[in-house]
*Asks:* 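Before I ask anything, let me first share the structure, which is written out below as structure tokens.
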Amino acid sequence: MLLAIENVLSNQELANVRGLYAKARFGDGRVTAGELAAKAKNNLQLAANAAETQVLTGIVHDALHCNPLFVSAALPKVVCPPLFNRYVPGMDFGTHVDNAIRISAVTLRADVSGTLFLSEPEEYSGGELLIEDTYGVQTIKLSAGSLVLYPSSSLHRVEPITDGHRDVAVFWVQSMVRDIAQRSLLFQLDASIQGLRARSPESPEIVSLVSTYHNLLRMWADI
Ligand SMILES: O=C(O)CCC(=O)C(=O)O
Ligand SMILES: [Fe+2]
């Protein structure tokens, strides 16, 4: 399941993040890449111990956990501290699949990968995120403050940047529901319940659908 979520960061949060990016000093992105990804990865990254990293991590984590669509789609058990990346002209990230296990301040199994866009699409050329999913290759370039989520098992790449710079925060989620098909069903069911609630709040079926949602979650979730 590939899902774009708009306006995950408010204008104020985005301005704060961009202010911190403007002050930050970036190093080589390969320091956190696994053996295979290191060959493909060609970008800049904020060090985990840089002064700005902790503040940025707090802003992104808070925004994610407050976003009902993110919570419903990812059913997060653990979200790793994001990597704060910048791509300048000539940089790219070749085709790869993300490591199954991410080891950082927290160790997790990567079920869901996320890119939170911090630059506007018109601020750089190239730099599309290409993700192979069941329906073919999807090309993603979202507005600043928006997010794409995709299964960590997907092959993906970032096309070379030819002008400007592409700032993103990338992160991985270990989901309470490991199985992607089960997670997708729960997401669809939750979306239907929210739609029904909005259109017809008095529907007696809501109680039974919510019960079904929770009973499926009880059956499938590991916490
Ligand atoms: O920059 C992106 O959108 C994705 C980067 C990526 O694939 C990675 O860091 O593993
Ligand atoms: Fe990746």
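Every number for a ligand or one of its atoms is a count from 1 in the order of the listing. Bear in mind that the values here come from a model prediction, so they are computed numbers and not experimental data.
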*Asks:* Can you confirm if the NZ or CZ of R157 lies within 45° of the ring axis of F93 and under 6.0 Å from the centre of its six-membered ring?
*Replies:* no
*Asks:* Between S152 and D111, do the side chains contain an N or O donor and an N or O acceptor separated by less than 3.5 Å?
*Replies:*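 No, no side-chain donor-acceptor contact under 3.5 Å.
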*Asks:* Can you confirm whether or not the ring centre of Y21 sits under 6.0 Å from the ring centre of F26?
*Replies:*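 They qualify: ring centres under 6.0 Å apart.
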*Asks:* Could you check L64, L149, V17, L147 and say which one makes a side chain to side chain contact (heavy atoms under 4.5 Å, CB included) with L116?
*Replies:* L147
*Asks:* Does ligand 1 have any N/O pairs with the protein under 3.5 Å, and how far apart?
*Replies:*
{"from": "ligand 1", "atom 1": "1 (O)", "to": "Y87", "atom 2": "OH", "distance (Å)": "3.3"}
{"from": "ligand 1", "atom 1": "1 (O)", "to": "R166", "atom 2": "NH1", "distance (Å)": "2.8"}
{"from": "ligand 1", "atom 1": "3 (O)", "to": "T115", "atom 2": "OG1", "distance (Å)": "2.8"}
{"from": "ligand 1", "atom 1": "3 (O)", "to": "R166", "atom 2": "NH2", "distance (Å)": "2.8"}
{"from": "ligand 1", "atom 1": "7 (O)", "to": "H96", "atom 2": "NE2", "distance (Å)": "3.1"}
{"from": "ligand 1", "atom 1": "7 (O)", "to": "H156", "atom 2": "NE2", "distance (Å)": "2.9"}
{"from": "ligand 1", "atom 1": "10 (O)", "to": "H96", "atom 2": "NE2", "distance (Å)": "3.1"}
{"from": "ligand 1", "atom 1": "10 (O)", "to": "D98", "atom 2": "OD1", "distance (Å)": "3.0"}

*Asks:* Shared ILVMFWY cluster between V60 and V78, side chains joined below 4.5 angstrom?
*Replies:* yes
*Asks:* Cut-off 3.5 Å, side chains only: do Q45 and T32 have a donor facing an acceptor?
*Replies:*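 Yes.
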*Asks:* Apply the side chain to side chain donor-acceptor pair (under 3.5 Å) test between S175 and each candidate in R109, R183, K77; give the one that qualifies.
*Replies:* R183
*Asks:* How far apart are the C-alpha atoms of R18 and E123, what are their side-chain angles, what is the distance that settles it, and do they pass the salt bridge (Lys or Arg N to Asp or Glu O under 4.0 Å) test?
*Replies:* CA-CA 13 Å; R18 289 177 61 127; E123 290 178 304; 2.7 Å; yes
*Asks:* Report the protein N/O/S neighbours of the Fe ion (ligand 2) that fall below 2.8 Å; do not count waters.
*Replies:* H96 NE2, D98 OD1, H156 NE2
*Asks:* Consider side chain to side chain contact (heavy atoms under 4.5 Å, CB included). Of L209, L217, L216, which one does Y213 pass it with?
*Replies:*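 The single option meeting the side chain to side chain contact (heavy atoms under 4.5 Å, CB included) with Y213 is L217.
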